[in-house]
Amino acid sequence: MPPKNLLGFGKMSDQKNNPAKQALPQNAISPRRAEDFPEWFQQVIKAADMAENSEVRGCMVIKPWGYGVWEQIQSQMDKLFKKTGHKNAYFPLLIPVSYMEREASHVDGFATECAVVTHHRLEAVKQPDGSVKMKPAGELAEPYIIRPTSETIIGAAFARWVSSYRDLPLLINQWCNVMRWEMRPRLFLRTAEFLWQEGHTAHETSDEAVKETLLMLDVYESFMRDQLALPVIKGEKTESERFPGALSTYCVETMVQDRKAIQAGTSHFLGQNFAKACGIQFQGRSGSQEHAWTTSWGVSTRMIGTMIMTHADDDGMIMPPRIAPTHVVIVPITPKEDTRDAVLAMAQDFAKRLGERSFAGRQIEVEVDARDKNGGEKSWEWIKKGVPVRIEIGPRDMQEGKVALARRDRAHKQKDFLLVEEALEKLPSILQEIQDSLLARAREHQNAHMKKIDSLEEFKKFFTPTNEDKPEIHGGFALCHWAGSKDDEAKIKADLKVTIRCVPFADSFKESGTCFVSGKPSKQRVIFAKSY
RNA sequence: CGGCGCGUGGCGCAGCCUGGUAGCGCACUUGCUUGGGGUGCAAGGGGUCGUGGGUUCAAAUCCCGCCGCGCCGACCA
C-alpha cells in the first residue's frame with residue numbers, strides 16, 4: 001500500500017471521507033427502519049442508552065434511561081392496582097420442582113424453558129495447572145426451578161390463607177423478575193430474565209373471577225393507551241395460544257412499525273385448575289367445601305420494547321411524555337466566557353421554576369445538561385434518547401428573555417422562541433400535545449395496515465413479501481372470519497408464520513360471514529398477524 | 001438441538017492466504033480551537049491477538065483439540 005501522504009490524503013481528508021461522518025446530517029440511526037427493522041431496533045436501544053446485552057446469555061443490563069422508564073411504569077401501574085383493591089406481596093424466587101408437577105398442562109407449557117437449581121454450594125477443586133475451579137457440591141434432595149411464573153407457589157400460599165368464603169377475594173400482586181430459558185433472546189422483547197408484575201387473585205365464584213380477569217385487562221388497556229401511547233386491541237386468545245393451565249386467556253395486542261403484532265399484556269381466567277392443583281379450598285356460604293376460582297395477569301419489560309418499536313424513528317427513541325424519565329432537557333449554549341455564568345444561572349433558574357409545575361400528576365422532570373461538551377453533540381444525544389422537549393438557552397435568548405423550544409415529535413431544526421413566562425405556562429400542554437400526537441400517529445399506522453380479508457388467496461398474498469430473501473416490511477393485521485379447527489390454525493402458522501393474535505371484543509369486529517378456510521359460518525372477525 | 005459465521009485495546013474492524021515481536025476508525029486523556037446542531041488541530045494512554053497443545057530459529061498468521069458468541073431454523077410473553 002502506498003503511503004497515504006503521497007496521494008495527498010492527510011488525516012483531514014480521511015475524516016471527510018469517513019462514510020460514518022458523512023452520513024451524520026441525514027439521521028442518527030443506521031440502518032433505518034425500512035432497511036432492516038430488527039437491526040434498527042437494536043441500534044435505537046444502543047443509541048438511546050437504554051439497555052445492553054450482558055455477559056450472561058439472554059440477560060440484559062437495563063441502563064438508567066431504560067430503567068427510568070420501568071420505574072415510571074411500576075409506580076404508575078402500582079397506583080392503578082392499589083386503586084382496584086390489590087396489595088403487593090413477595091414470594092420466593094425458587095419453586096420446588098414438585099409444585100410445577102401439580103398442574104399438568106402448566107408443566108408442559110414451561111418444562112422446556114426452566115432454569116434448575118440442583119446444588120447449594122461450591123467446592124474449590126485444584127486443577128493440574130495450579131488454578132482453581134469451583135464445582136457444584138451439596139446436591140439438593142429436591143431441585144428447585146427459578147420461577148418462570150408463580151401460580152404454583154402463590155397458589156400454595158393461598159391454600160394456607162384461605163379457609164372461608166370470608167377470606168375471599170384475595171387480591172395480590174407481585175413485582176419481580178422471572179426466568180424463561182429462551183432460545184432466541186431479543187433486548188426487552190424476549191429476554192431469559194425479565195422484570196414484570198404478576199397479579200394473582202382468588203375468588204368465591206367463577207363469575208367474580210371472570211370479572212376480575214376482564215377488569216385488569218381494562219386497566220392494562222387504558223394504561224397503555226393513556227400513558228404509553230400504545231393503541232392496543234383487547235381480545236381473547238384461541239385455545240392454541242392460551243396460557244398453560246388457563247380456561248381462557250385475554251390479551252392486549254398492538255401493531256408495531258414493521259406491522260407485526262406484539263402481545264403487550266395478558267390476563268388469565270384460571271377456573272379452578274390451580275385451586276385444585278394447589279388445594280385452595282374454602283368453606284362456602286352453605287357450609288360445603290369448595291375450590292376457589294383464580295386469575296393471574298401480567299405485564300413485563302416487554303412493554304418497553306413495544307414502545308420503542310412503536311414510537312422510535314430513524315433518529316432514535318421518542319418517549320411518550322407521561323412515561324419519560326425526564327420531560328425536558330435544557331441545553332445551555334455558552335459560546336462566550338463572559339456570558340457563560342449568566343446563561344447557566346438562567347438555565348438553572350428556568351429548570352427550578354419549571355420543576356415546580358406538574359404534568360399528568362407528576363412534577364415536571366427537568367434536567368440541565370451542563371456537561372462540557374459540544375452543544376450539537378449534546379442535542380443529538382437527547383434526540384436519540386427521545387426526551388420529549390429540548391430547550392436551548394443562549395446569550396441571545398437571555399437578552400431577549402426567551403428560550404428556544406424544540407419538540408421530539410417535530411423536525412429537529414424546528415424551534416419556537418418563547419418568552420420565559422410563556423414557556424413555563426405552555427409546557428404542560430405541550431407535553432400533552434406530544435403525548436396525543438404519538439398516540440394518534442400509532443393509531444393511524446395501525447388502522448392503515450388493518451385489512452378485511454375474505455379469501456385464502458388474498459390472505460397468502462397479504463403475508464408474503466415480494467423479496468423472499470430479504471423480506472421488506474409487509475402485511476399487517478388481517479381481519480378474517482374464522483371457524484376453522486386447531487389444525488387449520490397450525491397449518492397457517494407453519495405455512496406463513498401467521499397466527500390468530502386475538503378474537504377482539506370490540507363491536508366493530510362483530511358481523512356474520514364465512515370462514516375463509518373452512519367455509520363455515522362465523523359470527524365475527526379475528527385478527528391474524530405475524531408476531532413477536 | 002441442526003445449518004452458517006465470528007472470536008485481535010472499551011466498541012467496530014484490518015492484518016492471517018504468502019509466519020519475522022500489532023495497526024486503523026470511533027471512544028478516552030491533555031492542550032489549543034470552536035460553540036444556536038454530531039467543531040477542528042496537535043500530543044498522548046490503553047492489547048494475555050478466546051483458550052490448550054503442536055510445527056518452527058520465530059506463530060495473531062500454519063496444524064489439531066476445546067471454549068465462547070452471533071445469525072438462521074424448531075420453542076416462546
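In this text the structure is predicted, and so the values were computed from the model without any measurement.
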TODO: Begin from the C-alpha positions of A:Phe91 and A:His200 and carry the test ring-ring contact (aromatic ring centres under 6.0 Å, His included) through to its verdict.
DONE: CA-CA 12 Å; A:Phe91 299 85; A:His200 294 270; 7.6 Å; no
Task: Sugar-phosphate, base or nothing in reach of A:Lys384, heavy atoms under 4.0 Å - done: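 If one applies the 4.0 Å heavy-atom cut-off, A:Lys384 turns out to touch a base.
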TODO: Scan A:Ile262 against the nucleic acid and name what it touches under 4.0 Å (heavy atoms): base, sugar-phosphate only, or nothing.
DONE: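 It contacts nothing in the nucleic acid.
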TODO: Kindly say whether the aromatic ring centers of A:His86 and A:Trp297 come within a distance under 6.0 Å.
DONE: yes
Atom-to-atom span, [atom1] of [X] to [atom2] of [N] - whole angstrom:
X: A:Glu377; N: B:A27; atom1: CD; atom2: P; answer: 7 Å
X: A:Glu39; N: B:G70; atom1: CD; atom2: P; answer: 14 Å
X: A:Glu392; N: B:G36; atom1: CD; atom2: P; answer: 9 Å
X: A:Glu182; N: B:G73; atom1: CD; atom2: P; answer: 15 Å

Task: Flag if over 12 foreign heavy atoms under 6.0 Å of CH2, A:Trp196 - done: yes
Open item on the list: I want to confirm an ordering. Mapping A:Pro185 and A:Ile29 to their closest nucleotides on RNA chain B, which one lands closer to the 5' end?
Closed with: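 Result of the comparison: A:Ile29.
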Open item on the list: Heavy-atom nearest nucleotide on RNA chain B for A:Asp372 versus A:Lys497: which residue maps closer to 5'?
Closed with: A:Asp372
Does [N] have a Watson-Crick or wobble mate here (both distances under 3.5 Å), and if so which one?
N: B:A60; answer: none
N: B:G73; answer: B:C1
N: B:C13; answer: B:G23
N: B:G38; answer: none
N: B:G46; answer: none

Task: Under 4.0 angstrom between A:Lys378 side-chain N/O and B:G35 OP1 or OP2 - done: no
TODO: Identify whether NZ of Lys or CZ of Arg in A:Arg33 sits under 6.0 Å from the centre of the six-membered ring of A:Phe37 and within 45° of that ring's axis.
DONE: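 No cation-pi geometry.
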